4 protein chains.
Amino acid sequence: MSGTETKAAGRPRSAEKDAAILQAALELLASQGYTRMSLSQVAAAAQVSKSTIHLRWKTKADLLTAALAAARMTDTPPPSGDLRTNLVNILKDFAATIERVNGMALIGTCLAEEAHTPELLALLRERTVLPRRTLLRDALEQAQLTGQIREDADLEAAVSALLGPFYADYMAGRGGDPQWAEQAVDLVLAGTRAGN
Amino acid sequence: MSGTETKAAGRPRSAEKDAAILQAALELLASQGYTRMSLSQVAAAAQVSKSTIHLRWKTKADLLTAALAAARMTDTPPPSGDLRTNLVNILKDFAATIERVNGMALIGTCLAEEAHTPELLALLRERTVLPRRTLLRDALEQAQLTGQIREDADLEAAVSALLGPFYADYMAGRGGDPQWAEQAVDLVLAGTRAGN
Amino acid sequence: MSGTETKAAGRPRSAEKDAAILQAALELLASQGYTRMSLSQVAAAAQVSKSTIHLRWKTKADLLTAALAAARMTDTPPPSGDLRTNLVNILKDFAATIERVNGMALIGTCLAEEAHTPELLALLRERTVLPRRTLLRDALEQAQLTGQIREDADLEAAVSALLGPFYADYMAGRGGDPQWAEQAVDLVLAGTRAGN
Amino acid sequence: MSGTETKAAGRPRSAEKDAAILQAALELLASQGYTRMSLSQVAAAAQVSKSTIHLRWKTKADLLTAALAAARMTDTPPPSGDLRTNLVNILKDFAATIERVNGMALIGTCLAEEAHTPELLALLRERTVLPRRTLLRDALEQAQLTGQIREDADLEAAVSALLGPFYADYMAGRGGDPQWAEQAVDLVLAGTRAGN
DNA sequence: AATGAATGAGGATTCATTCAT
DNA sequence: AATGAATGAATCCTCATTCAT
């Protein structure tokens, strides 16, 4: 980071291969799970030899950690003037992202591997969960300032109340309900409205 | 013909072994995940030979399906006269059960395996998620009858709002917050109170 | 054999089961080969438990030896007044029997197992090959007496010359040639005709 | 593009190992039979890891097919001016080869496996049976041209008459008779002699 | 006698990783 | 740098056999 590195001798590593490997790894992690996915599959999908992977990441866990770390799964939030609309939009983007990347399986993998490779869940939190929570929290704080929400409301709990129904619905097999975001927002706004 | 059951020929199958295998399988499923867990581990944990397992269940998937199916993870609900107390108790029992059986890892495994062994998630829903939801829903319906909750409230959404924060908290790394159940109940009751 | 046996106490063994097991074993030996065939398959085919098999024969080799020993695969020869017709009929019955019982596979199995279970090939010889050879040899000896065949002809070699083309044809992939028996007989008769 | 062969990347595959594996496989196929032989045995005999085998051949059947295909079991025919001597030499070489490679057991294995792995018998035919038959047939055709054998003689049948006694003798337990080749040749020549 | 349970040994195959080119 | 070869450990599963009922 501070310029101490000598310029690497020999052929430089191909950046395209780096990217292809990481992407393939992430997709396979989501579709197969940690243990079921094999490095051969990653190599095949990335059009690269297995050794090329090991040249960059020492172990399977290293590779998958890197793949999760490289994942950018929070889109920039959609702007709007209205609190309710803002919240609903963030939640809908959240759901769309999860659907797009086979996210529930990926979440499942990270949960299942927590005992063996806790970095996975940690990274998932850091890269995908927490940024989204920050967006929601910022919106709620703004609403607190404007008096739309009680001052003493627990905003972290409110954020969990906004996101939670998505998980609960999925677990119940009622995932995909088009109303869920609006219902969650309305419930939270009703429950935290100033003057209640 | 007087009794419907003919006495089974041969040596009877050991019920203790049945139970030991299923329990070991479930614990390992939670602690290791589907693919990482091996039948050898199950056999060792249950003090049984691998063949004894295969005698009862043809494949690994069969065994784990049976283990999940046999799991009784919803305790009988604690009775109480007060709506709020009832709901909180159900939620706390829910959380306690999940902690007791390493439930988030188990849920993760079922989510991760959904593409390959969908029966796992289906069973988890049927045996653990839906019974708990039914308890909550019954309590809410009662409250609707007594006028504590609006008649037009979407009770399924309310149930998801009650359970959801638990998942969301866990994903955010704030699992174990002792307040979550009360907060969730209060929010839902506030948001669906009749006369709002 | 000399009356020394005490009358067996307890329930006598079922003769039907004996027969069913032996027949199933022989069929599976032919269709699957020694190693590939399993005692479970035999048990299932004979509608009997595996233990019932082991009760009668101590090992797999014992069972299959018994099955081969019990096999009666030489039909009584068809009578006729003419030497050539007699020989052709014997050969055709030979070929028909082999086709009926999947004989080439059975022969193959006995050959393949010769190093491990030489009794199989020995029994096959004793029960199926040699009786047929005796039929042929008897007919040739009769022909020698009537002067149709040279006195100094090697009859064992002649018998092999009669049967051999069947094997050679099969190995060459030309098994089933309808002419083979007549051609073999004609060749042998021409080659051993008295006065050549 | 000037040379058609690009230099293969990576470490080249060891030709010695290839050969050692194939030879070990063939020997074990003959001595143990298809099902009894294990890849572990092959690996041990070839001083190679099991994975090295799987790297080259995906399945056991593939390996054994390749081993049979690689086997060169027909020596170049011995030249001679005399028809009878030629035929006898070919037959004796045939018998010698079979003895050398435990050929009857190998043949037995291929016959026994015909229902499950028909490629084995097919290859055995193509690589060992048919080439030898071609040698014999060529010699007989030559003899037909020079008038030593009747023009209308069925040469394929004659070839089977030459080879057949070997199989028949073996099945009768009289294999190894030193006279068989001469006797077979004499019989065929006598039976097909022009002018009979 | 007959059955089903129980087991230990062994099978083919896959995988993450290390080596040689 | 990049590749393919090589490997040891581990996996699920099958089988012949022995035990308990």
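Order of the sequence lines fixes the chain letters, A, B, ..., with proteins taken first and strands second; residue numbering starts at 1 for each chain. Everything numeric here is computed off the predicted structure, so don't read it as measured data. Reckoned from all heavy atoms, side chains included, excluding hydrogens, waters and symmetry mates.
- Between the NZ atom of C:Lys60 and the P atom of F:dT17 there is a distance of 8 Å, given to the nearest Å.
- Closest of all the heavy-atom pairs between B:Met37 and B:Leu29 is CE-CD1, 3.8 Å.
- E:dA16 atom P lies 10 Å from atom CD1 of A:Ile53, rounded to whole Å.
- Residues in residues 56-70 of chain C take part in these side-chain hydrogen bond (donor to acceptor under 3.5 Å, both in side chains) pairs, two or more places apart or across chains: C:Asp18-C:Arg56.
- Taking CD of C:Glu114 as the reference point, atom OG1 of C:Thr109 lies at 13.0 Å (rounded to 0.5 Å).
- A side-chain donor-acceptor contact under 3.5 Å links A:Ser14 to the backbone of A:Lys17.
- To the nearest 0.5 Å, the span separating OG1 on C:Thr128 from CG on C:Leu106 amounts to 8.0 Å.
- Evaluation of the side-chain hydrogen bond (donor to acceptor under 3.5 Å, both in side chains) rule for A:Thr52 yields A:Ser49 as partners, not counting sequence neighbours.
- Residue pairs meeting the salt bridge (Lys or Arg N to Asp or Glu O under 4.0 Å) criterion with at least one partner in residues 37-50 of chain C, sequence neighbours excluded, do not occur; the list is empty.
- The stretch residues 14-31 of chain D comes close to DNA chain F through D:Ser14, D:Lys17, each having a heavy atom under 4.0 Å from the strand.
- Atom-to-atom, NE2 of D:His116 to P of E:dG11 comes out at 19 Å; the value is rounded to the nearest Å.
- For residues 102-112 of chain D, the set of pairs meeting the salt bridge (Lys or Arg N to Asp or Glu O under 4.0 Å) definition, not counting sequence neighbours, is empty.
- Sorted by first and then second residue, the salt bridge (Lys or Arg N to Asp or Glu O under 4.0 Å) pairs with a member in residues 117-126 of chain A form an empty list; sequence neighbours excluded.
- Note: CG (D:Leu55) to P (E:dC15) measures 14 Å, nearest angstrom.
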Check: What dot-bracket string describes DNA chain E from 5' to 3', counting Watson-Crick and G-U wobble pairs whose defining distances are under 3.5 Å, with [ ] for crossing pairs and | for pairs to another strand?
Finding: .||||||||||||||||||||
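- The CD atom of C:Gln32 sits 16 Å away from the C1' atom of F:dA16 (whole-angstrom rounding).
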Could you tabulate the donor-acceptor pairs under 3.5 Å formed by side-chain atoms of residues 39-47 of chain D, not counting sequence neighbours?
unit_1, atom_1, unit_2, atom_2, d
D:Gln41, OE1, D:Ser38, N, 2.9

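- Less than 4.0 Å separates DNA chain E from at least one heavy atom of each of the following residues of residues 36-43 of chain A: A:Met37, A:Ser38, A:Leu39.
- Take D:Ala70 and apply the side chain to side chain contact (heavy atoms under 4.5 Å, CB included) test, not counting sequence neighbours, and it matches D:Leu22.
- Expressed to the nearest 0.5 Å, how far CG of B:Asn102 lies from CG of B:Leu28 amounts to 11.0 Å.
- With DNA chain E read from its 5' end, the first of the two nearest nucleotides for C:Arg56 and A:Ala61 is the one closest to C:Arg56.
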Every protein N/O lying under 3.5 Å from an N/O of nucleotides 18-21 of chain E:
unit_1, atom_1, unit_2, atom_2, d
E:dA20, O4', D:Arg11, NH1, 3.1

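- In this structure, the separation between CG on D:Leu120 and SG on D:Cys110 is 5.0 Å, given to the nearest 0.5 Å.
- Note on A:Thr52: every side-chain N or O is 4.0 Å or more away from OP1 and OP2 of F:dA2.
- Identified under the salt bridge (Lys or Arg N to Asp or Glu O under 4.0 Å) test for residues 32-45 of chain C, with sequence neighbours left out: C:Arg36-D:Glu113.
- One interatomic measurement links the two molecules: CD of A:Gln47 to P of F:dA2, which rounds to 15 Å at whole-angstrom precision.
- Taking atom CZ of residue C:Arg13 and atom P of nucleotide E:dA2, one finds them 7 Å apart after rounding to whole Å.
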